[in-house]
Amino acid sequence: MPRASAAAAAQTAQRILDSATELFATRGFSEVSLDDVAREARVTRGAVYHHYRNKAGLFGAVAAALQSDVARAVVAAAQDAGTQPSEQLRAGSHAFLDAITDGSAVRILLIDAPAVIGWQEWRRLDAANSATHLREALRDVGVADDLLDASTAQLSGAMNEAALWTAQHTDTDLAREQSHVALDRLLAAYLP
């Protein structure tokens, strides 16, 4: 019976996380209550508290899950690009731009998360996920060790700004296309 209880608890926690992700993405952190999340997940408010402690804890779990999703998309694209480091960097960077602007990620990760979880935690999550892969890719294409951290920060920042610009543009399809063209030009500075 404990296995069934653990499995049920995990399913409940995931349902809460999924519901919170949808609500935070559509309304923003400040407009969502734990009662809203409980109602959407079809659980009690106590269940939300049990699994995530409070609203900030729930939001932190949502942000961490989305950061992990974005990183998985980056890694998959880089691996699918073959063995050339320059193609892996390019594919992973473009995958990041698409993943971060797709669905719930941009509002949660780039707009609300820095304020809700704080810059230090936001940077820790980024460093543990997408930024670590970007740093490795830049190293693999030959960026010198003494410029690796600065190059990672600057390229990551440029892609985050492009994602925000794309998401807030009135024609997101056109903005995404333009962002990809500009990203290729930016990446050319790092490629042999």
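Residues: numbered from 1 along the sequence shown. Quick caveat, the model's predicted, so the values are computed rather than measured.
- Taken together through direct or relayed side-chain contacts under 4.5 Å among Ile, Leu, Val, Met, Phe, Trp and Tyr, Val181 and Met159 form parts of separate hydrophobic clusters.
- One finds the CG atom of Asp140 at 15.0 Å from the OH atom of Tyr190 (value rounded to the nearest 0.5 Å).
- Leu89 is not listed as a side-chain neighbour of Pro85, based on a closest heavy-atom distance of 4.5 Å or more.
- Counting heavy atoms from C-beta outward, Trp122 and Leu110 have side chains that approach closer than 4.5 Å.
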Practice item. Apply side chain to side chain contact (heavy atoms under 4.5 Å, CB included) to Arg135 and Thr132, showing your working. Key: CA-CA 5 Å; Arg135 187 177 194 284; Thr132 190; 5.6 Å; no
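- Distance alone, capped at 3.5 Å, places no donor-acceptor pair between the Gln88 side chain and the Ala137 backbone.
- For Asp112 (side chain) and Phe29 (main-chain N/O), a donor-acceptor pair under 3.5 Å exists by modelled atom type.
- Between the side chain of Arg139 and the backbone N or O of Asp145, no donor-acceptor pair lies under 3.5 Å.
- The hydrophobic clustering, which links ILVMFWY residues whose side-chain heavy atoms are closer than 4.5 Å, places Leu66 and Val75 apart.
- Counting heavy atoms from C-beta on, the side chains of Glu40 and Ile16 never come closer than 4.5 Å.
- With rounding to the nearest 0.5 angstrom, the OG1 atom of Thr152 is 10.5 Å from the CG atom of Asp126.
- Rounded to the nearest 0.5 angstrom, Arg39 CZ and Arg45 CZ are separated by 10.5 Å.
- A salt bridge between Arg124 and Glu121 is present, with a side-chain N of the basic residue lying under 4.0 Å from a carboxylate O of the acidic one.
- In this structure, NE2 in His50 is found 10.0 Å from OG1 in Thr44, a value given to the nearest 0.5 Å.
- The shortest non-hydrogen separation linking Ile100 to Ala163 is CG2-CB, 3.3 Å.
- Counting heavy atoms from C-beta outward, Phe59 and Ile108 have side chains that approach closer than 4.5 Å.
- Atoms OG1 and NE2, from Thr172 and His169 in turn, are 9.0 Å apart once rounded to the nearest 0.5 Å.
- Leu183 and Leu174 fall into different hydrophobic clusters, defined by Ile, Leu, Val, Met, Phe, Trp and Tyr side-chain heavy atoms under 4.5 Å apart, directly or through other members.
- Within the 4.5 Å cutoff, side-chain heavy atoms of Asp98 are placed close to those of Arg176.
- There is a side-chain donor-acceptor pair under 3.5 Å between Thr166 and Ser179.
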Point to revise | Check against side chain to side chain contact (heavy atoms under 4.5 Å, CB included), Val48 and Asp35 | key: CA-CA 9 Å; Val48 177; Asp35 286 331; over 6 Å; no
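- Residues Trp165 and Val106 do not share a hydrophobic cluster, defined by chaining ILVMFWY side chains whose heavy atoms lie under 4.5 Å apart.
- In this structure, the side chain of Asn129 engages the main chain of Leu125 through a donor-acceptor pair within 3.5 Å.
- Between the side chain of Tyr52 and the backbone N or O of Ala13, at least one donor-acceptor pair lies under 3.5 Å.
- When every heavy atom of Ser130 is checked against every heavy atom of Val74, the shortest pair comes out as OG-CG2, 4.4 Å.
- Taking CG of Leu138 as the start and CD of Gln154 as the end, the distance is 11.0 Å to the nearest 0.5 Å.
- The closest side-chain heavy-atom distance from Gln168 to Ile111 is below 4.5 Å.
- When all heavy atoms of Ala63 and Leu109 are compared, the closest pair comes out as O-CD2, 3.4 Å.
- A salt bridge between Arg72 and Asp69 is present, with a side-chain N of the basic residue lying under 4.0 Å from a carboxylate O of the acidic one.
- Considering every non-hydrogen atom in both Ala9 and His51, the closest pair reads O-CE1, 3.3 Å.
- Annotation for Ser104 and Thr21: closest pair OG-CG2, 3.5 Å, computed over non-hydrogen atoms.
- No side-chain heavy atom of Val37 sits under 4.5 Å from any side-chain heavy atom of Lys55.
- Put simply, the side chain of His133 reaches to within 4.5 Å of the side chain of Glu136, judged on heavy atoms.
- Under a 4.0 Å N-O distance rule, the pair Arg27/Asp36 qualifies as a salt bridge.
- Neither side chain, Tyr49 nor Arg53, offers a donor N or O lying under 3.5 Å from an acceptor on the other.
- Across Leu187 and Arg90, no two heavy atoms sit closer than the pair CD1-CA, 3.8 Å.
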